[in-house]
Amino acid sequence: MATPAPSLRPRPLEARRLPPLPPELALLRGRGLADAHLTTLARRAGPREGALARLLMEEGLVSAEAYYAALAQSLGLPFLPQGSFRADAQLELLPPRGFPGPLFCGRTPTGERLAVFAPVPESVAAIRALLARAPSLRDRLAIATPGALELAGRAAAPGLRLASERPDVSARVVLTRGQIAVLGLAVAAFCLGRLLTVEALVIFASVLVTLLGMLLGALRFLAGLSHTPSPSPAHLLPDHLLPRYSVLVPLYREARVAESLARHLDALDYPRDRLEILFLLEEDDKETRAALEPHLATGMRILSVTGPGPRTKPRALVHGLDHARGELIAVYDGEDRPEPDQLLLAASRFAELPPSVAVLQGHLAIDHRSHRFFPRQFLLEYAGLFDCQLPWFSARGLPFPLGGTSNHFRRTALDAAGSWDPCNVTEDADLALRLVRGGWSMQMLASTTFEEAPLSWRAWHAQRSRWLKGWLQTLLVTLRDPFRLAAELRRTRLAVLLVYLLAMVVTLAAHPFFVGILLLYGSGVAGLLPRFDVLGGVVLTLAGVSVILCYASMTLLAIAGAAARSRLPSLLDLALIPAYWLAQSLAFYAAVVDLVRRPHRWQKTEHGLARRPSRMPGVQRRGKTH
């Protein structure tokens, strides 16, 4: 008897055997997920961990909310729907050992703090095993969808966005583990005599400081000897071609200057239907709000800065950028008095420049006089920097550190660079460096914003130490990844700006020691020290060169900068430049201490204390007085 031929009819899909399903997919199957879909996709997924779950979501058969809710139930964890939690800067997260993936700091409306995460399907088995070993973790964890985490991350602005999305360029962490390890190894090697002897280290440091000082001095000499005006646009754009402009003005405890600020910003010559001026106030700053509200003109509005993160100016700026609608973004400070045509000049200049130019920096100048030491030196410093040195850099296509105000940005460049870092207390230098790292360039703008100089030592010292602390933060962030930095140095002009910042920091750090060495030698005490003959002679020579270059170049720059403003500094002001430099070195060491103790603390500068002219002084530009 012949054996019957096997049937060629396919078995029903229901009869096909399903592979063993993980608990979360078994739950979805019990809630109506068809076996037919599971069987078909299981064959495509194969035995790879999590592949079936990923295919189900990619094919649209299971929503992300349904999958992650079932996953949370199967793991015994709470599921947080979109919008049910927000970022919490107060929660410090240390992921458990072996935890696969990042954790998000979250707080529910009831105030409960949790570590929220959205595991990829491939990591579910590892998470399940970890929770089996440490069941107590369930009290601190919650699950959400990737979309919910992204929404909460956006809502976390201005305080946490850059730190969560691009931690490699954020100053939220002062020193990375790698930097700490390298520093520790260097100190250990030196202590064990494996790196350099004390004598060799002193000579190496002296040579390094002197070379950086010589480079900085040469740049100042060239800038001081070369009168380099900033360019104006060849033609002004007609009103109908002007882009939308957003002006961001971060304020905190600025009630004294509120009326003057609103009046000078209202005088900006720009079409009101294309201009918005956003005053960014902290939620609890009721005094400034009350002083500002009666003077708001058309196109002006107040935004309250809320949410987590350090209470800094860049945090307010990021918040304002989220609400700004302009193609161009300008930043002003509370005491600023910009020339009325500044926005018009910036918009017209941007139209002439290639898209790679990200920012135009306006000139900054002090518009009041004083008999006090610090405001007089500050005036000379600003004149040399913004009227000589930065225009010289700009004319040669070289990057330079931005000022903290009168910056005019293309919105596209700001977004590409990640905008401001709320954790960096010198947001202008940090942003300039990140723009250059991204291949963007910058130029000066032939327009002036008049400012107020700090009047007292206390005010000046607090402001200067904050600036220097931010420079240290910026350098530490930039030096985190040497290989990436080397690639960027090859394809951008980053080296110019990096060396400039490094030279400023290093020369300020070494300046008191070099001055001390010169004083010791001049007094004859140094000759009594052991081994002064060789080591002391080398260090003395280098110290002398460095100090002389520093004072001479700053004197020339001060004279040239004052001349650009049709002023002549007094001999006493020039003679006191060395004292001003020693004060800057003192501020540097205060910055180092503050970086260790309070890295993200913003030391507020009080404004509205100086007697300023009621009208802005004229500015000489292209043969005309404006």
Side-chain angles (χ1 to χ4, degrees), residues 249-254 256-258 260-261 264 313 331-339 361-390 401-407 425-426 428-429 447-468 470 504 508 554-555 557-570 572-584 586-588 590-591 602-619:
V249 191
L251 301 173
Y252 184 57
R253 297 186 310 192
E254 297 283 17
R256 289 194 193 95
V257 299
S260 171
L261 174 65
H264 284 91
K313 173 184 172 181
V331 176
Y332 291 117
D333 282 341
E335 81 278 21
D336 285 355
R337 297 179 177 184
E339 291 185 295
Q361 170 68 61
H363 290 237
L364 303 181
I366 305 304
D367 63 357
H368 61 93
R369 296 183 180 271
S370 173
H371 296 295
R372 299 183 182 184
F373 169 73
F374 282 103
R376 292 180 71 87
Q377 290 292 324
F378 195 89
L379 184 151
L380 291 179
E381 182 185 20
Y382 257 40
L385 179 65
F386 287 98
D387 293 327
C388 289
Q389 190 168 323
L390 298 192
L402 296 174
T405 181
S406 297
N407 313 135
V425 297
T426 309
D428 41 12
S447 180
T448 300
T449 296
F450 295 94
E451 291 201 308
E452 175 184 345
L455 297 182
S456 65
W457 175 85
R458 183 183 297 273
W460 178 90
H461 179 78
Q463 183 188 69
R464 189 56 52 106
S465 60
R466 173 172 57 81
W467 290 357
L468 292 169
M504 281 295 298
L508 285 177
M554 286 303 299
T555 300
L557 206 58
I559 295 172
R565 293 282 163 186
S566 302
R567 294 171 177 167
L568 185 64
S570 69
L572 179 61
D573 289 335
L574 297 178
L576 289 175
I577 285 177
Y580 190 64
W581 260 78
L582 288 173
Q584 290 198 71
L586 181 62
F588 168 79
W602 184 278
Q603 297 192 70
K604 175 75 175 68
T605 303
E606 298 293 334
H607 298 126
L609 303 176
R611 292 183 179 180
R612 304 176 66 183
S614 57
R615 299 181 62 183
M616 290 187 296
V619 176

Check: [Y] and [X] side chains under 4.5 Å, non-hydrogen atoms:
X: Phe374; Y: Arg464; result: no
X: Arg565; Y: Asp387; result: yes
X: Leu586; Y: Leu582; result: no
X: Arg612; Y: Val257; result: no
X: Arg567; Y: Leu379; result: yes

Is the backbone N or O of [Y] less than 3.5 Å from a side-chain atom of [X], with the two atoms forming a donor-acceptor pair by type?
X: Arg466; Y: Gln603; answer: yes
X: His264; Y: Ser260; answer: yes
X: His363; Y: Phe386; answer: yes
X: Asn407; Y: Thr405; answer: yes

Which residues share a side chain to side chain contact (heavy atoms under 4.5 Å, CB included) with Arg376, sequence neighbours left out: Ser570, Asp573

Glu335/Arg256 salt bridge by N-O under 4.0 Å criterion: no

Point-to-point distance, once rounded to the nearest 0.5 Å, from CG of Asp367 to OG1 of Thr449: 10.5 Å

What closest approach, in Å, do [X] and [Y] show between heavy atoms, and which atom pair accounts for it?
X: Leu468; Y: Gln584; answer: CD1-O, 3.8 Å
X: Leu557; Y: Cys388; answer: CD1-CB, 3.9 Å
X: Glu451; Y: His368; answer: O-CD2, 4.0 Å
X: Leu574; Y: Ala558; answer: CD2-CB, 4.2 Å
X: Ala562; Y: Leu380; answer: CB-CD2, 4.2 Å
X: Leu364; Y: Ser406; answer: CD2-OG, 3.6 Å

Qualifying residues under ring pair (Phe, Tyr, Trp, His ring centres under 6.0 Å), relative to Tyr580, sequence neighbours excluded: Trp460

Partners passing side-chain hydrogen bond (donor to acceptor under 3.5 Å, both in side chains) against Glu452 (at least two apart in sequence or in another chain): none

